[in-house]
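A short worksheet on the structure shown next.
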Amino acid sequence: MKLTQSQAADLVNRLATDDAFRELIGSAPEKALAELGVSAEAFGGMTDPSRAKTCSLASKAAFAEMLASLKKGGNTVQMDMTVPTLKLD
């Protein structure tokens, strides 16, 4: 499942403006996505809360800039990155 353009805009808007939502993304990402009507499956396993320990969200300003670009019809290229995690015994 992929995000619709509307869902993506909603997600970016909330990440740009809503501190409580940003916190929820870090602590309970599946619940945060459900608020938007998005299945965690759309993120291919990247909703594990333990990732918040090794990753951080971009600033609200960065998301606001992305939202402005989306509204202008930009962002036609999709990129993602999976951050490797190490388990040491």
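What you see below is based on every heavy atom in this structure, not just the backbone, and it leaves out hydrogens, waters and symmetry mates. We're numbering straight along the sequence, starting at 1.
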Not counting sequence neighbours, which residues clear side chain to side chain contact (heavy atoms under 4.5 Å, CB included) with [X]? List them please.
{"X": "Thr17", "result": "Asn13"}
{"X": "Glu35", "result": "Arg14, Phe21, Leu24"}
{"X": "Ala34", "result": "none"}
{"X": "Ala16", "result": "Phe63, Ala64"}

Problem - Partner set under side chain to side chain donor-acceptor pair (under 3.5 Å) for Lys31, not counting sequence neighbours - result: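 Here no residue qualifies.
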
Problem - Asp18/Lys60 ion pair, N-O < 4.0 Å - result: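 Not counted as a salt bridge, because no side-chain N and carboxylate O are separated by less than 4.0 Å.
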
Problem - Spacing of Leu57 atom CG and Glu23 atom CD [to the nearest 0.5 Å] - result: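 It comes to 11.0 Å.
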
Practice task
Determine the minimum heavy-atom distance between Leu15 and Arg22, stating which atoms define it.
Solution key: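 Smallest interatomic distance, heavy atoms only, reads O-NH1, 2.8 Å.
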
Exercise for the section: Please report the shortest heavy-atom distance between Ala32 and Ile25, naming the atom on each side. Expected result: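 Closest approach of Ala32 to Ile25, heavy atoms only: CB-CD1, 3.7 Å.
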
Handout entry: The single option from Leu67, Val38, Leu36 passing side-chain contact (heavy atoms from CB on, under 4.5 Å) against Leu11
Key =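 Testing Leu11 for a side-chain contact (heavy atoms from CB on, under 4.5 Å) against Leu67, Val38, Leu36 leaves exactly one candidate, Leu36.
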
